[in-house]
Each structure stands twice: as C-alpha cells, then as structure tokens.
Amino acid sequence: MKFLVGNWKMNTTPEEGMALLEELSQGLTKEVVGDVRVVVAPPSLHLIPVADALLENSQIEIAAQNCHYEDFGAYTGEISAQMLLHSEVDAVILGHSERRQYFSETDDFVALKVKNAIKNHLIPIVCVGEKLEQRNTGTFLEDTWSQLSIALSDLSKDELEDVIIAYEPIWAIGTGEVASPEQVQQMHSFLRRKLKENMGRDDMPILYGGSCKPSNADEIFSQNDVDGGLIGGASLNAEDFMLLVEKLKNS
Ligand code: 13P
C-alpha cells in the first residue's frame, strides 16, 4: 500500500486551508490517485471543517498532527485520540521530530500515544529519524531503530498491522537537503529487517520525509523499501502535492 501524507504543520489560516483542500479535492480524482492513499494533516483547528468539506466519495483521508495518550482529563491545550475519532479523523502523526525537539517528547511518551491511538482506531503515523550528529558519528541506524522499537513496544503483532512508519532524518527536514536515495533505502531496509526479527512482521508501510518535492521524488519513490512520503513544505502547494501523488502512483 502506498501513502502520500501532507503535513501542513502550523501553516494556513482557516480560509487558506479550505482553499488548499478545495484544490486538492478537485484534482485528486479516483483516476489520479490510483492505488495511492492520500492523507492531509491540517492544523487541529481545521480538522472539523476539512472533514465536513470532503465529499462522500473523496479520495482524501484526514490525519491530526498530534494527540494525547489519555482519552480525557486535565491536560490543558491537548486533544485526545478519542476526540479525533469522533471528528472523523482517520490517522494521527505521532513522534514528529519537531514535537520531540520543541516540546520535549520522549520515546516512552510517544509509545503511550501510539498505544492509545490504536485503541481508538486511528492509524498512527510514527515518525523516527536521526540528528546530524548521529549520522556523522555512524550510530544513525541503531539510534533510529531504538526510537522505533520503543514507540511500538506496547503493540501486539496484530496491532502493528495498523501502523505507518515515517523515516524523517532531522537534518533533511525543512532544510532543502534531501537524503540520497541510497541513504533512504539503507534505513528503510534496515528498519524492515529489524521489525521482522524483533516484532515478527515487516509489512507496515515505511514513508520517507524530509525536503521531498517533485524534483527529487522519482528517485526516492523508486526505492524498494519506500512506500510513500510524508511531505511538509511541498504539501502546502496543491500543484506540487498532486504531482507527488502522480509520481508515487507511477513509481
Ligand atoms: P519538509 O518536507 O518541509 O522538509 O518537512 C518534512 C516533514 O517534517 C514532514 O512531516
């Protein structure tokens, strides 16, 4: 299964968000998307209007960018997986490096969120990836596996079926510096092997994220163990995002 996920991050006013969605809805017909599952992750304030605006036969699914690990409670400013489920959200991005970096989210914290998302029938899009120092010192493979193994540690083999993994090297996010196709393939195949050895299954989609755009997507999407992309900047431009859908479909 191929996935293209657009992470809008903290961008777009409600009007801009709805205009972007409108363009995507019109362009992403059944024929255009083919076997690609297209997901957009707008800011949480836009989730309900976005869900309301999607037509019954829309090819677009909706993800949140984060959620808490409890269903309800005294957690000012947070939203829960349970609330997302009731807002017709299909998936949730968890453990994004920006949340780890700016909001001090730890691997254990991410694991709690992943477990709760699964309990609430949301697809967790679990993000992992190394810092530049880890790449330079050569520990990047094991360090990234460590993040992933902790994030998934509370899930049963059956629950793993509903997980999407996103490899996003931090040094490639929003920097314009994309990982090379060989670097991406090396990490994806390593994670797949580790998943099989340690958790008994390796059939979860593994997406790449980090400065992915139409000009570099062909090479990345054609790698054996790349099942799609988690797109930041280029997902804010409808034309680019739709081009990425086509490129993934044809990969
Ligand atoms: P960019 O595509 O802007 O580098 O962002 C990647 C990302 O963080 C998606 O979650």
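Whatever order the structure lists ligands and atoms in, that order sets their numbers, starting from 1.
If you chain together hydrophobic residues whose side chains sit under 4.5 Å apart, L207 and L122 never meet in one group. There is a path of hydrophobic side-chain contacts, each under 4.5 Å, that joins F241 to Y208. Both V110 and L152 are assigned to one and the same hydrophobic cluster, defined by single-linkage of ILVMFWY side chains at heavy-atom distances under 4.5 Å.
Close N/O approach between I231 and ligand 1 is not found [any backbone or side-chain N/O within under 3.5 Å]. Residue H96 has at least one nitrogen or oxygen atom sitting less than 3.5 Å from a nitrogen or oxygen atom of ligand 1, judged on distance alone. For a threshold of 3.5 Å applied to N or O pairs, the pair formed by G233 and ligand 1 contains at least one separation below that value. For S211, a nitrogen or oxygen atom sits less than 3.5 Å from a nitrogen or oxygen atom of ligand 1, counting backbone and side chain alike. Considering both main-chain and side-chain atoms, G174 comes within under 3.5 Å of ligand 1 through a nitrogen or oxygen pair.
Between the side chains of H96 and E105, no donor-acceptor pair is found at a separation under 3.5 Å. A side-chain donor-acceptor contact under 3.5 Å links E130 and W171.
Checking side-chain atoms of K247 against main-chain N and O of F221 turns up no donor-acceptor pair under 3.5 Å.
Ionic pairing of K194 and D202 is not present here: no N-O contact between side-chain nitrogen and carboxylate oxygen is shorter than 4.0 angstrom.
Considering only non-hydrogen protein atoms, atom 2 (O) of ligand 1 sits nearest to G232 N, 3.0 Å. K9 NZ, 3.2 Å is the protein heavy atom nearest to atom 5 (O) of ligand 1. Among protein heavy atoms, atom 9 (C) of ligand 1 sits closest to E168 OE2, 2.8 Å.
Each of the following atoms of ligand 1 lies closer than 4.0 Å to a heavy atom of G210: 4 (O), 6 (C). Here is the list of ligand 1 atoms found below 4.0 Å of a heavy atom in N7: 9 (C), 10 (O). Residue-ligand proximity, A172 to ligand 1, at heavy-atom distances under 4.0 Å covers atoms 4 (O).
Residues V33 and Q59 share a closest heavy-atom pair of CG2-OE1, 3.7 Å.
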